[in-house]
Amino acid sequence: MKRPALPDGPYLVVGLGRAGLAAIDALAERFGAAAVTAWDDSQSVRSRKAIVTRRGMVRINGSTGTLDGVGAVVKSPGIPPKHRLITAAQRKGLPVLDELELGWRLSTQPMVAVTGTNGKSTTAALVAAAMEASEMSPVLAGNVESDRGVPLSALSSDHEGWVVAEVSSYQAYGLATLLPQAAVFTNLTPDHLHWHGSMRAYGEAKRRVFVDGQRAVALAVLNVDDPFGRSLCGEIRARGGRTLTYGAAPDADYRITACDWTVRDSRIALATPSGPVQIEGRLPGAHNASNVAAALALADGLELGRARTLEAIAAASLPPGRLEPVDAGQPFQVFVDFAHSPDSLTRVLTALRAIAAPRGGRLIAVLGMAPSGERLTRLACGRAARAGCDHLVLCAWSLKGEPPLIALSSVLAGARETRGGVLEVMLDRRRAIARGLSLARSGDVVAILGRGPVTSVRVDAHSAPVPFDDREVAKEVLQGVY
């Protein structure tokens with residue numbers, strides 16, 4: 001299918017995070033800076049009058065925002081669909097594109113989209129590694145950390161290989177015509193309900209990556225341990241799409257028959273359509289066995305060389321901030337992980353419990369969550385965290401300057417109503433990390449959860465970001481002792 005042309009400008013870009021700035025550059029390069037305006041209500045943006053791009057000066061719209069003279073709106077993924085500028089544009093009949101849709105229309109490269117609540121980053125990285133091994137020149141794009149990939153609209157027009165796009169539900173919600181060549185669904189568990197409003201709406205956003213009206217993605221790889229994935233499988237087949245399924249379910253095409261792991265390695269056994277497979281790699285946890293199965297199914301579906309794929313998967317390590325070890329010579333294990341939803345907390349703590357248990361060690365967790373999010377989900381996070389460890393230290397922190405106690409109060413309430421490990425509260429995150437580490441003895445495992453690769457915090461909504469990296473903080477504390 002030929003990709004649709006962009007709507008006529010001038011263009012207003014709403015939201016100036018990484019994706020928004022990439023959209024500005026892409027539009028200014030094609031149509032000139034005069035055809036683009038920008039808007040954001042953050043303090044740092046309001047203090048500027050223009051953004052300097054590679055193609056000139058792009059004017060920043062007024063602090064309240066206006067649609068005067070605008071022909072189309074491009075929104076950053078984090079801008080909610082009920083934002084006043086978005087709803088005003090829709091009332092005026094103006095086209096509204098998500099940045100991901102913009103990038104797809106501007107490019108010609110074939111795409112694999114990876115979406116789901118958990119496992120997106122790891123699965124996308126495994127798919128990219130398999131493609132690289134088969135010399136398909138992949139590039140990571142979409143909802144990825146800045147040191148691993150780029151927003152889709154920032155891709156160079158010179159790139160001729162495949163795009164492996166990690167797609168969040170925020171991005172998927174705003175898709176208009178995008179349909180990738182292939183797509184992977186990992187799972188659907190409660191998350192982002194403050195943004196979508198319900199699990200039904202959240203699931204519908206994920207569904208849009210695979211189905212558009214009567215069209216379906218040509219190749220879909222789906223987790224059929226998940227009821228939503230199983231349902232989606234039927235929809236895609238009914239529209240003529242090809243499906244490959246994975247999971248522990250007896251009817252999965254790529255069935256996980258066994259997995260176990262230590263601190264340093266993992267062993268995964270799969271039953272596949274072409275026979276059994278054994279993979280010895282470095283990805284601990286049952287959830288990573290699922291990610292491996294998804295990547296292998298996708299690689300086989302695209303007819304990549306099986307031997308090269310298995311070699312690439314076996315050599316792969318986890319993305320930054322996903323079960324990332326911190327080693328300063330201490331006699332116990334320390335891991336930093338991004339887990340911040342009930343399901344991801346349970347998965348990560350289960351994986352780490354399996355590392356601590358054979359050595360008679362305890363599992364100690366430090367958890368702090370950003371205040372954004374829906375209260376019932378934060379309550380469930382508190383329950384999952386306390387139930388999954390022997391000692392839980394809760395703390396507060398703020399990503400964008402929100403009042404951090406909002407998140408802490410909900411997580412604490414969930415933890416208090418649950419039986420599990422010893423519970424402590426320490427507001428300051430640095431002190432909480434130090435406390436968790438001070439409790440550990442030989443053979444124990446310490447999990448520092450909720451931020452993963454995030455490297456800054458804001459004291460309040462008007463301050464500049466302050467450097468704070470859980471990995472570096474943990475290392476500093478440990479180096480002062482060991």
Side-chain angles (χ1 to χ4, degrees), residues 1-4 77 81 97-101 103-105 107 109-124 126-128 131 140-144 152 162-189 191-192 195-196 198-247 249 251-254 290-291 293-302:
M1 172 184 161
K2 184 178 179 181
R3 300 182 187 186
L97 299 182
D98 186 89
E99 181 274 334
L100 192 78
E101 175 85 18
W104 179 74
R105 293 195 190 187
S107 67
Q109 300 97 326
M111 177 194 293
V112 173
V114 181
T115 196
T117 304
N118 302 309
K120 295 187 296 296
S121 296
T122 301
T123 302
L126 290 171
V127 168
M131 287 185 161
L140 280 170
N143 183 50
V144 292
L152 193 56
W162 279 69
V163 176
V164 181
E166 181 183 327
V167 181
S168 73
S169 60
Y170 293 6
Q171 294 169 309
Y173 182 92
L175 298 183
T177 58
L178 186 156
L179 205 60
Q181 276 69 28
V184 179
F185 169 76
T186 61
N187 48 55
L188 187 73
T189 61
D191 200 9
H192 304 310
W195 205 88
H196 293 284
S198 67
M199 282 296 294
R200 181 176 179 178
Y202 180 38
E204 185 60 30
K206 299 294 188 184
R207 175 181 177 271
R208 177 56 192 83
V209 176
F210 299 84
V211 174
D212 178 25
Q214 293 305 307
R215 296 190 303 145
V217 64
L219 172 63
V221 173
L222 306 157
N223 178 3
V224 288
D225 291 342
D226 187 292
F228 187 84
R230 188 170 289 274
S231 173
L232 188 57
C233 185
E235 288 193 68
I236 294 166
R237 289 173 179 170
R239 290 165 173 78
R242 179 187 174 205
T243 63
L244 291 173
T245 62
Y246 70 95
D251 61 342
D253 297 320
Y254 290 74
S290 185
N291 297 331
L296 179 59
L298 189 283
D300 283 355
L302 294 179

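All figures in this text were calculated on a predicted structure; none of them were measured in a lab.
Arg208 contributes no side-chain N or O that, together with a main-chain N or O of Glu204, makes up a donor-acceptor pair within less than 3.5 Å. Looking at Arg207, its side chain never comes within 3.5 Å of a backbone N or O of Phe228 through a donor-acceptor pair. A donor-acceptor pair is defined here as one N or O able to donate and one able to accept, closer than 3.5 Å; such a pair exists between the side chain of Arg215 and the backbone of Thr177. With hydrogens and angles disregarded, a donor-acceptor distance shorter than 3.5 Å links the side chain of Glu101 to the backbone of Leu178. Side chain of Ser169 to main chain of Tyr202: no donor-acceptor pair is present (N/O by atom type, distance under 3.5 Å, no hydrogens or angles).
Within a 6.0 Å sphere centred on OH of Tyr170, heavy atoms belonging to other residues, nucleotides or ligands number more than 12.
Of all non-hydrogen atoms in Leu244 and Ala297, the two that sit nearest each other are CD1-O, 3.3 Å. Closest of all the heavy-atom pairs between Val209 and Ala172 is CG2-CB, 3.7 Å. Among all heavy-atom pairs drawn from Ala249 and Val224, the shortest one is CB-CG2, 4.3 Å. Taking every heavy atom of both residues into account, Ala294 and Val221 meet most closely at O-CG1, 3.7 Å. Contact between Val167 and Gln171 at its shortest, heavy atoms only, is CA-OE1, 3.4 Å.
Looking at Met111 and Leu152, their side chains come closer than 4.5 Å, going by heavy atoms from C-beta outward. Annotation: side chain of Leu140 is not in contact with side chain of Glu166 (no heavy-atom distance under 4.5 Å). Side-chain atoms of Leu222 and Ile236, non-hydrogen and from C-beta on, do get closer than 4.5 Å to each other.
Between atom NZ of residue Lys206 and atom CG of residue Leu188 there is a gap of 7.5 Å, rounded to the nearest 0.5 Å. Here the CD-CH2 distance, from Glu99 to Trp104, works out to 14.0 Å after rounding to the nearest 0.5 Å. Distance check: Phe210 CZ to Thr243 OG1 gives 11.0 Å after rounding to the nearest 0.5 Å. For the atom pair Asn118 CG and Ser290 OG, the distance stands at 10.5 Å (nearest 0.5 Å). To the nearest 0.5 angstrom, Lys2 atom NZ is 12.5 Å from Arg105 atom CZ. Between Asp253 atom CG and Thr245 atom OG1 the span is 3.5 Å, to the nearest 0.5 Å.
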Q: Using the side-chain hydrogen bond (donor to acceptor under 3.5 Å, both in side chains) rule, take Ser107 and Arg3 through it: C-alpha gap first, then chi angles, then the decisive distance, then the call.
A: CA-CA 9 Å; Ser107 67; Arg3 300 182 187 186; 2.9 Å; yes

**Study point:** Test log, rule side chain to side chain contact (heavy atoms under 4.5 Å, CB included), inputs Val114 and Leu298
**Key:** CA-CA 10 Å; Val114 181; Leu298 189 283; over 6 Å; no

Stepwise, does the side chain to side chain contact (heavy atoms under 4.5 Å, CB included) test hold for Asp212 with Leu175? CA-CA 9 Å; Asp212 178 25; Leu175 298 183; over 6 Å; no

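Partners of Thr186 according to the side chain to side chain donor-acceptor pair (under 3.5 Å) rule, which considers only residues two or more places apart in sequence or in another chain, do not exist here.
Pairs passing the side-chain hydrogen bond (donor to acceptor under 3.5 Å, both in side chains) check and including a residue from residues 220-230, sequence neighbours excluded, read Arg230-Asp251.
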